[in-house]
Amino acid sequence: MTAAGFTSHFHLFGREEKAAETPKTSAQQLHLRVIPVEGAPYVLQMRVEDENILDDQTIEIQKFLKYVSDTFSPKSATSLLSRYNGGDDSGLTENNDFLQVVSKCVEAHRVTEGYFQPFRGGKLDPFGMLRGWAINEAFNRYIRPLVADGTAQSASLGSRNDTIYATADDFDLNWNVPIKNSLDSSAPLQQIVLRNGAISTSFANMEASTFEYLGPRDCEQTTIVSPDLALADVWATAALAAGTNNFMDLAQRNRLNAIILTEGEILFNVKDGQVSSVPGVTAGVERPDFLVLNA
C-alpha cells in the first residue's frame with residue numbers, strides 16, 4: 001500500500017508548538033497518512049526519520065480498523081455484534097476484543113451512573129465509545145511502542161473529533177489542539193495544550209435523533225481530555241446526556257478534565273474535577289489555553 005505523505009507542522013486536529021524549555025533534540029519531519037475505513041477517514045501523523053515505518057504502520061492500522069468495523073457491523077447478520085444481539089453470546093469467548101468492548105460498555109454505564117447508555121431495548125449499542133476504543137487500541141498496538149523506544153518523536157491518530165496523542169520524553173514540542181465552536185465557526189472555542197493524552201468532543205447538533213437526553217438538554221458541546229480515548233469518548237457522550245449541572249457533579253467526583261459549552265453560551269473549564277467559568281465565548285475574544293500537558 002502506498003499512501004501520500006504531507007510534511008507540515010499543522011495537524012488536522014491540532015498543531016505542534018515549541019515548549020518553553022531548551023530543545024533537547026532536533027525535530028524530524030511530521031508526516032501524515034489518511035486511512036479510509038468504511039467511509040470514515042482516520043488520520044495518522046508521526047515525526048519519524050524513515051517514512052517506510054509510517055507506511056508499514058498505516059497498513060497494520062487499516063487492517064485493524066477494518067476488522068473492528070466488520071466485527072461490530074450492525075448491518076451484517078454474521079458480525080459478532082449482530083449475533084450477540086440475536087442471542088448468541090459465543091463471541092464473548094471466541095474474541096477477546098469483543099469481550100473487552102462489551103465489558104467496557106458495562107463498566108462505562110456504571111461509572112457514568114447510567115448517563116452512558118450502551119444497552120437499549122435489550123440490544124448492545126457500543127457506538128458511543130467504539131470509535132474511541134478502536135483508535136486507542138490501534139495506537140497502543142502499532143504507534144505507542146515507536147514513541148516509547150525513540151523511533152518516533154511524537155505521533156497522533158484520530159478520526160473526526162476523537163484523537164490520541166503521544167510525545168517522547170526527550171522531545172520538546174507540545175500538541176496545540178483547537179476545539180471547534182459549534183456556535184461560531186470563526187474561531188476555536190478554546191485551545192488545548194497537550195503532550196500525552198486523548199481528546200474527544202461531542203456536539204449536540206451532531207447526535208442522532210434517537211439520542212436520549214436523561215437530564216436537561218442544555219449542553220451544546222462537551223470535550224473530555226483523558227489518558228484513554230475510549231474513556232474520553234464515553235464521558236463526552238455521557239456529558240451531553242446528563243446536562244450541565246448533573247455532569248459537573250460527575251466531573252468533580254471523577255476528577256475529570258473537560259470543556260463544556262452550554263446552550264446559554266457559557267463556557268466552563270473543568271480541571272481535575274475543579275470547575276471554573278471562562279469569559280469571552282463571543283467571537284474575537286481571546287481565551288486562555290486549556291493546559292493539560294499529560295492527561
Side-chain angles (χ1 to χ4, degrees), residues 3-19 25 27-37 40-51 53-62 64-65 68 129 131-180 188 190-202 223-233 236 257 259 289-295:
F6 298 86
T7 56
S8 169
H9 288 285
F10 287 88
H11 187 293
L12 290 186
F13 307 98
R15 63 185 177 89
E16 288 181 317
E17 189 165 288
K18 196 176 182 68
T25 182
Q28 296 168 355
Q29 276 192 323
L30 183 63
H31 301 284
L32 179 149
R33 299 291 185 269
V34 178
I35 308 171
V37 179
Y42 294 76
V43 177
L44 169 65
Q45 285 201 142
M46 191 185 305
R47 282 194 179 274
V48 64
E49 187 174 356
D50 183 359
E51 272 196 88
I53 295 172
L54 185 60
D55 287 329
D56 291 343
Q57 302 313 101
T58 297
I59 292 170
E60 295 304 315
I61 290 171
Q62 186 173 40
F64 176 77
L65 294 175
V68 172
M129 66 160 274
R131 180 184 289 114
W133 177 85
I135 293 170
N136 207 80
E137 281 296 303
F139 194 83
N140 287 342
R141 295 183 190 193
Y142 304 110
I143 303 301
R144 193 178 296 281
L146 300 178
V147 178
D149 69 15
T151 301
Q153 293 175 325
S154 63
S156 71
L157 179 65
S159 179
R160 297 179 183 171
N161 302 301
D162 299 310
T163 307
I164 188 166
Y165 304 86
T167 308
D169 291 341
D170 64 349
F171 189 55
D172 70 324
L173 294 185
N174 300 325
W175 292 100
N176 283 12
V177 186
I179 303 302
K180 175 184 174 183
Q190 201 158 18
Q191 179 170 262
I192 295 174
V193 181
L194 188 66
R195 286 185 65 78
N196 297 282
I199 301 174
S200 179
T201 300
S202 291
T223 296
I224 303 294
V225 186
S226 168
D228 182 281
L229 187 55
L231 192 59
D233 202 1
N257 294 305
I259 299 171
D289 287 341
F290 187 91
L291 189 70
V292 184
L293 290 180
N294 290 291

Using a 3.5 Å distance criterion without hydrogens, assess whether the side chain of [X] forms a donor-acceptor pair with backbone atoms of [Y].
X    : Y    : value
T163 : L157 : no
T167 : R195 : yes
Q62  : P36  : yes
Q28  : E49  : yes
D149 : T151 : yes

Do [X] and [Y] make a side-chain contact, defined as non-hydrogen atoms from C-beta onward lying under 4.5 Å apart?
X    : Y    : value
V225 : F290 : yes
D233 : W133 : no
I259 : I192 : yes

List in chain and number order the residues that pass side-chain contact (heavy atoms from CB on, under 4.5 Å) with [X], two or more places apart in sequence or in another chain; answer none if no residue qualifies.
X    : value
L231 : S226, D228, W235
A198 : I164, L229
A134 : L65, V68
D56  : none

Gap separating the [atom1] atom of [X] from the [atom2] atom of [Y], nearest 0.5 angstrom:
X    : Y    : atom1 : atom2 : result
L54  : I61  : CG    : CD1   : 8.0 Å
S200 : N136 : OG    : CG    : 11.0 Å
D289 : L194 : CG    : CG    : 12.0 Å
Y165 : N294 : OH    : CG    : 14.5 Å
Q45  : S156 : CD    : OG    : 5.0 Å
E51  : M46  : CD    : CE    : 10.5 Å

| query | Y142: what forms a ring pair (Phe, Tyr, Trp, His ring centres under 6.0 Å) with it, not counting sequence neighbours? | reply | none
| Among D162, T223, N161, whose side-chain hydrogen bond (donor to acceptor under 3.5 Å, both in side chains) with T201 holds? |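 One option only clears the test, and that one is T223.
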| note | Hits for salt bridge (charged side-chain N to carboxylate O under 4.0 Å, His left out) against E60, two or more places apart or cross-chain, chain-then-number order -> K63
| query | Can you check side chain to side chain contact (heavy atoms under 4.5 Å, CB included) on F171 and V147, steps first, answer last? | reply | CA-CA 10 Å; F171 189 55; V147 178; over 6 Å; no
| query | What are the two closest heavy atoms between A155 and F139, and how far apart are they? | reply | O-CZ, 3.8 Å
